[in-house]
Amino acid sequence: MRTSQYLVSTLKETPANAEVVSHQFMLRAGLIRHLASGLYTWLPTGLKVLKKVENIVREEMERAGAIEVLMPMVQPADLWQESGRWEDYGPELLRLNDRHQRPFVLGPTHEEVITKLISHELSSYKQLPMNVFQIQSKFRDEIRPRFGVMRGREFLMKDAYSFHLGEECLQKTYQVMFDAYCRIFERLGLDYRPVLADTGSIGGDASHEFHVLAESGEDDIVFSDGSDFAANIEKAEALAPQGERPAATQTLEKVSTPNAKTIEQVAESLNIPATQTVKTLLVQGIAEEGQAAPIIALVLRGDHQLNEIKAEKLPLVASPLTMATDEQVLAASGANPGSVGVVGIDIPVIVDRSAAHLADFVCGANENDFHFTGVNWDRDCTNYQVEDIRNVVAGDPSPCGQGKLEIKRGIEVGHIFQLGKKYAEAMNCGVLTESGKHEVLNMGCYGIGVSRIVAAAIEQNHDKYGIKWPEAIAPFQVAIVPMNMHKSARVQETAEALYSELQQAGVEVLFDDRKERPGVMFADHELMGTPLLLVVGERNLDNQEVELKNRQTGEKSMIAIKDVLSLFDK
RNA sequence: CGGUGAUUAGCGCAGCUUGGUAGCGCACUUGGUUUGGGUCCAAGGGGUCGUAGGUUCAAAUCCUACAUCACCGACCA
């Protein structure tokens, strides 16, 4: 490719509303352009990268025995009514009508379509197991698109679905997919971790996420330093503190705490650590038929954070988790938020394991501007239930029993689920077994965010000058950068000869034949992250050499022109 | 959806307080100059100042509404 016949589209300045480096460099290097919130055009260079990622994913899926299909992005609403997700999926599902006012959705995922398809196409156990995948645009009407293609509304995803008789078979394919995912992320050249995950709205039993480690990641990943345990913080169990709860030594005392609403303020005004306080969060419970939702108290140690996923799985607590309104707090406790506590409150109380292990602690007095000190469980609050409802923090013991936990940020680029029979049952998808009985199939589903990987790769591979692509996904393998070609026939001839030689050898080469100054060219290629630069200049031609620059390492070396091709021997 | 902020040329911004015929840098075009790390000089092209309404002799500037975009919180590949 010659730059003169190509769209380079680099930007000197960083667009104002790009926050993370990957978004900034994707705009500056001319990979994408913004169209509307969460919607991007892929420019030629960006598309090359996207296709490379896509192909690696495709190759490894096929190697793992999955077969490719392509399903429509627009799907009839009745499929979604059949699975129950027309109601469950919420406003992220973009719904639209056709000219006959028939309702459709823009597919955010394809469990319904594939399950319908398989229920028609498969009729015998002999055809199982089957694993099909597609690489296709998805649309999710995200509440808040951000970070460029990292969280776009329309994005490219690889989604695979496997079908099985029995759980054992599903688990086997699940493991095959797990291994295939590891190979994919290794081939992409990314620093990644598989972690235990919550199954979320897709539902099902077992689940792993694959995260690319990066500071800008939106997820907290916890690791044990004493084993290979790794989990999304949503899923990581916080163990109960060791040993017996200390005995009560203080008496219950009401103290005035004017203007102390937050845990920090309370701890400071009473001169105690936050670990000696508890906070009482009031949330909506599950409403009985025709009645208002009851209010539930969730109690955490002052320094801990509520884990909403854990909380909304409790049978008493409404899902999605909804905080009580200020009026409900006042009605249920007799105080405003900031002064609510566990002593004498007449609603169900659910206490985190760590909070339940405290003695002589501080909590709100259910009276504005007052707190209790010297509070003790069973003596001052008798009716409560203990659960794990907090986020783990760094230093907590690992739930695997070995080591302590540390926390890092990750970008979720893959997610695999064992779905079980949820969709197969709803869509009546089954086959005849060996004994001639109809049996509903077990399903697995396996996603990879193809476009998100492009952004994640940049988050992990860049410097202040631009992108440093891993070789496997670089838009070009090498760029030829001639120095003042228009002034030197020798430079021009050499560059042209190199270009056609590399092209004929099938090397992906970008020939910078623009009449630009050297600095402009260097800056552009560093921004675009081409792994290798061949600098053709008058000064080395007497020796029949060109300069070779490596973008990853920054190394420069001389190479004989006749040896250039051997760089690309596979 | 709640909170915050923004919207002036392709990009980055100034101008608004105190109303008076829209500016800077980069990019673009032309000519010259320079040439191994974003040269320099000159001349040019490009803007219904987000939209609609209002106040006023006069609105980018003041007022009202709406729209769009981004950031912080809940969703997910």
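All of these numbers come straight from a predicted model, not from anything done at the bench. A note on names: the letters A, B, ... follow the listed sequences, proteins ahead of strands, and every chain is numbered from 1.
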Query raised in the report: Does a side chain donor of either A/H110 or A/K138 reach within less than 3.5 Å of an acceptor in the other side chain?
Result: yes
**Report entry** Selection residues 295-307 of chain A - residue pairs positive for salt bridge (charged side-chain N to carboxylate O under 4.0 Å, His left out), sequence neighbours left out
**Finding:** A/R301-A/D303
Report summary line: Within residues 534-542 of chain A, those residues having any heavy atom closer than 4.0 Å to RNA chain B are A/V535, A/G537, A/R539, A/N540
Query raised in the report: Is the centre of the A/F210 ring less than 6.0 Å from the centre of the A/F185 ring?
Result: yes
Query raised in the report: Within the modelled atom types, does a donor on one side and an acceptor on the other bring the side chain of A/R151 and the base of B/rC76 under 3.5 Å apart?
Result: yes
Report summary line: The nucleotide from B/rC76, B/rC72, B/rG36 with an atom nearest the side chain of A/R140 is B/rC76
Requested in this report: Measure from the side-chain heavy atoms of A/E142 and tell me the nearest of B/rC69, B/rC75, B/rA74.
Outcome: B/rC75
Requested in this report: Could you go through the salt bridge (Lys or Arg N to Asp or Glu O under 4.0 Å) check for A/E186 and A/R183 one step at a time?
Outcome: CA-CA 5 Å; A/E186 260 150 42; A/R183 270 202 305 278; over 6 Å; no
Query raised in the report: Listed in order of residue number, which residues of residues 37-57 of chain A have a non-hydrogen atom at under 4.0 Å from RNA chain B?
Result: A/S37
Report task. Report yes if some heavy atom in the side chain of A/F476 is under 4.5 Å from a heavy atom in the side chain of A/W469; otherwise report no. Result -> no
Query raised in the report: How would you list all residue pairs meeting side chain to side chain donor-acceptor pair (under 3.5 Å) that involve residues 444-458 of chain A, not counting sequence neighbours?
Result: A/S162-A/Y446
Query raised in the report: Going by the salt bridge (charged side-chain N to carboxylate O under 4.0 Å, His left out) test, which pairs reach into residues 30-51 of chain A, not counting sequence neighbours?
Result: none
Query - Residues in side chain to side chain contact (heavy atoms under 4.5 Å, CB included) contact with A/A236, at least two apart in sequence or another chain - result: A/V222, A/A231, A/V392
Query raised in the report: Which class fits the ring pair A/Y40 and A/H34: parallel under 30°, tilted 30 to 60°, perpendicular over 60°?
Result: perpendicular
**Report entry** Whole-Å P distance, B/rC13 and B/rG20
**Finding:** 24 Å
Do any N or O atoms of the protein come closer than 3.5 Å to N or O atoms of nucleotides 41-43 of chain B, and which pairs are they?
none

Query raised in the report: Is there side-chain contact between A/I458 and A/L31, with heavy atoms separated by less than 4.5 Å?
Result: yes
Query raised in the report: What interatomic distance, in whole Å, is found between C1' of B/rG10 and the corresponding atom of B/rU29?
Result: 14 Å
Report task. Give a yes/no on whether any side-chain N or O of A/K138 is located under 4.0 angstrom from OP1 or OP2 of B/rA77. Result -> no
Query raised in the report: Excluding sequence neighbours, so at least two apart, what forms side chain to side chain contact (heavy atoms under 4.5 Å, CB included) with A/P108?
Result: A/W80, A/Y89, A/L93, A/R140
Query raised in the report: With sequence neighbours left out, which residue pairs that include part of residues 7-28 of chain A fulfil the salt bridge (charged side-chain N to carboxylate O under 4.0 Å, His left out) condition?
Result: none
Query raised in the report: Rounding to the closest angstrom, what is the interatomic distance between B/rA9 and B/rG23 at atom C1'?
Result: 11 Å
Query raised in the report: Is it the case that A/N55 and A/E59 place a side-chain donor and acceptor less than 3.5 Å from each other?
Result: no
Query raised in the report: Quantified in whole Å, what is the P atom distance between nucleotide B/rC16 and nucleotide B/rA58?
Result: 22 Å
Report task. Remember a base hit wins even if backbone is also touched, and classify A/P145 as base, sugar-phosphate or nothing at under 4.0 Å, heavy atoms. Result -> sugar-phosphate
Requested in this report: Using the C1' atoms only, state how far B/rG25 lies from B/rU21, rounded to an integer number of Å.
Outcome: 24 Å
Requested in this report: Quick one: list whatever passes side chain to side chain contact (heavy atoms under 4.5 Å, CB included) with A/N307, sequence neighbours left out.
Outcome: A/I309, A/K310, A/N391
Query raised in the report: Among residues 513-524 of chain A, which residues get a heavy atom nearer than 4.0 Å to RNA chain B?
Result: A/R517, A/P518, A/G519, A/V520, A/F522, A/A523, A/D524
Query raised in the report: Can you tell me how far C1' in B/rG15 sits from the matching atom in B/rC24, rounded to whole Å?
Result: 10 Å
Report task. Please measure how far the P atom in B/rU4 lies from the corresponding atom in B/rA65, and state the result in whole Å. Result -> 15 Å
Report summary line: From the candidates B/rU35, B/rA74, B/rC72, the one with an atom nearest any side-chain atom of A/F147 is B/rC72
Report task. Kindly determine whether A/H415 and A/F417 satisfy ring-ring contact (aromatic ring centres under 6.0 Å, His included), including the steps that lead there. Result -> CA-CA 7 Å; A/H415 200 161; A/F417 301 84; 4.0 Å; yes
Query raised in the report: Among B/rA74, B/rC71, B/rA77, which nucleotide sits nearest the side chain of A/M157?
Result: B/rA77
Query raised in the report: Could you write nucleotides 7-14 of chain B as a row of B, S and -, 5' to 3', where a protein heavy atom under 4.0 Å of any base atom gives B, of only sugar-phosphate atoms gives S, and otherwise -?
Result: ----BSS-
Query raised in the report: Looking for any heavy atom pair under 4.0 Å, which part of the strands does A/H211 touch: base, sugar-phosphate only, or nothing?
Result: nothing
